[in-house]
Amino acid sequence: MRDDLQIWVMFGSMFIAVVSLTVLAGSAIVRRQKLRARLADNSFGDESLRSGGSLRQWWSKVSSVEDKLVGFDDEGQRSKARMELIRAGFFSPDSAKTFIVIRAGLTLLLPAAGVLVIAPFFHNITTAGQYILALFMLFLGYTGPDAYLKRRQRMLMEEYRNVFPDVLDLLVVCMDAGSSINAALERVGRDIALQSKALGINVQLLVSEMRSGRSLVDALNSFTSRVSIDEAASFSALIKQSVELGSDVSEAMRVYSDEMREKRLSRAEEKAHALPVKMVLPLGLFIFPVILITILTPALIKISTALGIVMGMSRPLLKKGERRCSP
């Protein structure tokens, strides 16, 4: 029964691997075809346009079938998944499909790997143990990509908080030099990418949205939802109020940048104050026992040597005393 289970699992994993590779290859081909369609020129002739149009129609049908396979036929679900991946630093248009395919592949392949690779190392494992191992690997394959995504989001949010005061300082410098808010954001997006690539891409997306015709308020709202930190929300509110009231934007951002630097310093001080508490556990488990062993080992050796000498001297004295006390 165990051999039959392993054979079925092996065939199932091979099928899932082939399907996953096919979907990924199809996604790459569709993306390349969409790029070629965007770069197509009208000077290629009517025949090429007709063939290109029919080819684009065929690839659009393939793309719609692919969306249904990965569960992205709903626009709201697609936009929600895209926003989660953008917050994690994945800006590719097809990153959502790739993530769904990878998660599905891991969900189905990890149990097969657990049964085929890990289980043979345990010779006495039962069929129930194999099922438990497969369920554990199934849970790990399904929740692992989401946990990795959440971890990347937390790391990027911390990176955004550390770099955001520098963004405000650069904006103040550019606007004091006479640049408009659009030109200042464009320049800052290029420069801040050297410190944080993801934040630089988000700022460049903000500039691209304003170039495409969106208002500054809508572009800032989109930027805030992508970055998802309180500093960006406060910055957007500040720009909106300055634009609506007609006040000086550079002066407001100068005050706000000073406040952001103070917040960054307070966060660093908070981490520094929390460091001794975090060091108690590794000190108590790893460093303090080693120090005790290093200090007490010579003393214990001397004490044991002295006790051995005393015990060795007391034994002959007792024997002599016994001889004297004997009649």
Side-chain angles (χ1 to χ4, degrees), residues 34-35 38 75-96 152-265 267:
K34 286 180 180 179
L35 181 61
R38 290 177 183 177
E75 185 66 28
Q77 185 180 4
R78 186 189 298 115
S79 61
K80 182 179 178 181
R82 282 285 299 123
M83 184 58 65
E84 290 293 329
L85 288 165
I86 286 174
R87 289 173 181 172
F90 299 101
F91 298 95
S92 175
D94 294 329
S95 58
R152 276 188 62 94
Q153 288 179 0
R154 290 193 300 269
M155 292 175 61
L156 281 180
M157 287 172 65
E158 187 66 25
E159 181 179 336
Y160 293 159
R161 289 192 180 97
N162 293 330
V163 181
F164 205 77
D166 298 333
V167 174
L168 296 177
D169 292 337
L170 290 174
L171 282 175
V172 170
V173 171
C174 292
M175 295 186 70
D176 287 341
S179 300
S180 62
I181 183 67
N182 297 347
L185 286 172
E186 184 178 0
R187 178 60 184 271
V188 169
R190 292 196 304 266
D191 293 340
I192 207 63
L194 300 176
Q195 298 184 26
S196 176
K197 183 178 179 181
L199 185 58
I201 293 175
N202 280 307
V203 176
Q204 290 174 4
L205 287 174
L206 170 63
V207 175
S208 299
E209 288 178 355
M210 288 190 295
R211 283 181 177 177
S212 63
R214 295 189 67 180
S215 62
L216 179 61
V217 175
D218 294 336
L220 286 174
N221 290 331
S222 179
F223 173 75
T224 303
S225 62
R226 287 195 306 268
V227 176
S228 185
I229 57 175
D230 297 334
E231 288 81 357
S234 302
F235 170 71
S236 300
L238 176 68
I239 297 297
K240 293 174 189 176
Q241 291 177 359
S242 299
V243 171
E244 291 175 358
L245 298 176
S247 60
D248 190 3
V249 180
S250 62
E251 185 64 28
M253 281 195 298
R254 183 179 292 107
V255 176
Y256 186 64
S257 65
D258 294 337
E259 183 181 353
M260 288 298 102
R261 280 196 299 271
E262 291 177 359
K263 284 186 177 181
R264 183 171 62 181
L265 182 60
R267 286 197 302 268

Self-check item: From CA spacing to verdict: side chain to side chain contact (heavy atoms under 4.5 Å, CB included), K240, N221
Solution: CA-CA 10 Å; K240 293 174 189 176; N221 290 331; 2.4 Å; yes
Within this structure, what is the [atom1]-[atom2] distance for the pair [X] and [Y], rounded to the nearest 0.5 Å?
| X | Y | atom1 | atom2 | result |
| --- | --- | --- | --- | --- |
| L171 | S179 | CG | OG | 10.0 Å |
| L185 | I192 | CG | CD1 | 12.0 Å |
| R261 | D166 | CZ | CG | 8.5 Å |
| L206 | E186 | CG | CD | 11.0 Å |
| S228 | I86 | OG | CD1 | 12.0 Å |

Which heavy atom of [X] sits nearest to which heavy atom of [Y], and what is that distance?
| X | Y | answer |
| --- | --- | --- |
| V188 | C174 | CG2-SG, 4.4 Å |
| A198 | F91 | O-CZ, 3.8 Å |
| Y160 | V227 | CD1-CG1, 3.4 Å |
| S236 | T224 | OG-OG1, 2.7 Å |
| L168 | S257 | CB-CB, 3.6 Å |
| G89 | L156 | N-CD1, 3.3 Å |

For [Y], is there any backbone N or O sitting under 3.5 Å from a side-chain donor or acceptor partner on [X]?
| X | Y | result |
| --- | --- | --- |
| R226 | N202 | yes |
| S225 | S222 | yes |
| R82 | S95 | no |
| R152 | F90 | no |

Quiz item: Hey, mind stepping through E158 and R161 against side chain to side chain contact (heavy atoms under 4.5 Å, CB included) and telling me if it holds?
Solution: CA-CA 5 Å; E158 187 66 25; R161 289 192 180 97; 4.3 Å; yes
With the side chain counted from C-beta on, respond yes when [X] and [Y] share a heavy-atom pair under 4.5 Å apart, and no when they do not.
| X | Y | answer |
| --- | --- | --- |
| M210 | I181 | no |
| V207 | N182 | no |
| N162 | R267 | yes |
| M253 | I239 | yes |
| E84 | Q153 | yes |

Quiz item: Can we say E231 and K263 salt-bridge, meaning some charged N sits less than 4.0 Å from an Asp/Glu carboxylate O?
Solution: no
Quiz item: Just wondering, are more than 12 heavy atoms of other shown residues or ligands nearer than 6.0 Å to NZ in K197?
Solution: no
Practice problem: Give the intermediate values and the outcome of side-chain hydrogen bond (donor to acceptor under 3.5 Å, both in side chains) for residues Q195 and E159. | Solution: CA-CA 9 Å; Q195 298 184 26; E159 181 179 336; over 6 Å; no
